[in-house]
Amino acid sequence: MQDIDLPRSGPTGRRAVDAGKVRYALAGWLGGSAGQEDGACLSVEFRDAKGTPVALSVLGPVSASDRESKTGLLERTAEAAVPPAARSARVLLVFTRSGGGTSNEH
């Protein structure tokens, strides 16, 4: 997890955000191993000055069928305007184990 304060001024500052003139891109390579459904999600949650969430964008998870049951990573992307009133962004990467044994070693 990483919290990022958005700029106060300038071309990506508060005035530009509130006018809907600032865009963001979220991108990541997500995947898994063979037919396993373990997965990862990458998200960005925009928050107002009080820390209240105002928007959320989530990438993933990538399923075994998305990967044709092959081990690998697939690129996932999202792009949109930073929501008006956003003053910070929380970026979160979450890994979820859905099955298998207790060992992560291969």
Side-chain angles (χ1 to χ4, degrees):
M1 179 179 75
Q2 181 178 6
D3 289 323
I4 302 164
D5 290 328
L6 301 181
R8 289 179 153 295
S9 59
T12 58
R14 293 178 179 180
R15 183 172 279 151
V17 166
D18 293 346
K21 295 180 179 179
V22 179
R23 296 189 62 79
Y24 73 92
L26 181 65
W29 288 84
L30 307 172
S33 177
Q36 295 179 5
E37 288 295 344
D38 299 345
C41 289
L42 176 64
S43 66
V44 61
E45 179 182 73
F46 291 96
R47 297 173 173 218
D48 66 15
K50 294 181 181 180
T52 304
V54 294
L56 175 68
S57 181
V58 179
L59 302 179
V62 171
S63 69
S65 66
D66 291 336
R67 295 179 279 104
E68 298 177 350
S69 293
K70 296 176 184 170
T71 299
L73 303 172
L74 300 177
E75 185 177 26
R76 295 292 187 248
T77 62
E79 185 178 329
V82 174
R87 299 297 179 256
S88 67
R90 174 169 281 179
V91 179
L92 184 64
L93 179 61
V94 176
F95 294 91
T96 304
R97 184 179 186 97
S98 63
T102 58
S103 174
N104 285 326
E105 297 177 17
H106 291 275

- Could you tell me whether a side-chain N or O of Glu45 sits under 3.5 Å from a main-chain N or O of Val91, the two making a donor and an acceptor? no

- Task: Kindly say whether Ala85 contributes a backbone atom to a donor-acceptor pair with the side chain of Asp48 at under 3.5 angstrom?
- Result: no

Write down the atom of [X], the atom of [Y], and the distance for their closest heavy-atom approach.
{"X": "Ala49", "Y": "Arg87", "value": "N-CG, 3.7 Å"}
{"X": "Val17", "Y": "Pro83", "value": "CG1-O, 3.4 Å"}
{"X": "Cys41", "Y": "Val58", "value": "CB-CG1, 4.3 Å"}
{"X": "Val22", "Y": "Ala16", "value": "CG2-CB, 3.6 Å"}
{"X": "Gly28", "Y": "Leu59", "value": "N-CD1, 3.9 Å"}
{"X": "Asp5", "Y": "Ser88", "value": "OD1-CB, 4.0 Å"}

- Query: Tell me, which pairs form a salt bridge (Lys or Arg N to Asp or Glu O under 4.0 Å) where one or both residues lie in residues 23-33, sequence neighbours left out?
  - Reply: Arg23-Glu79

- Item | Contact check, side chains of Tyr24 and Ser57, non-hydrogen atoms, under 4.5 Å | yes

- Message: Could you tell me if the side chain of Arg90 sits less than 4.5 Å from the side chain of Val44, heavy atoms only?
- Response: no

With a 4.5 Å cut-off on side-chain heavy-atom distances among I, L, V, M, F, W and Y, is there a chain of contacts connecting [X] to [Y]?
{"X": "Met1", "Y": "Val94", "value": "yes"}
{"X": "Val54", "Y": "Leu26", "value": "yes"}
{"X": "Leu74", "Y": "Leu93", "value": "yes"}

- Task: Kindly compute the distance separating CG (Leu30) from CD (Glu75), expressed to the nearest 0.5 Å.
- Result: 9.5 Å

- Output the distance between atom CZ (Phe95) and atom CG (Leu42), rounded to the nearest 0.5 Å. 9.5 Å

- Any side-chain hydrogen bond (donor to acceptor under 3.5 Å, both in side chains) involving residues 58-72? Give me the pairs, sequence neighbours left out, ordered by first then second residue. Ser63-Ser65, Ser63-Asp66

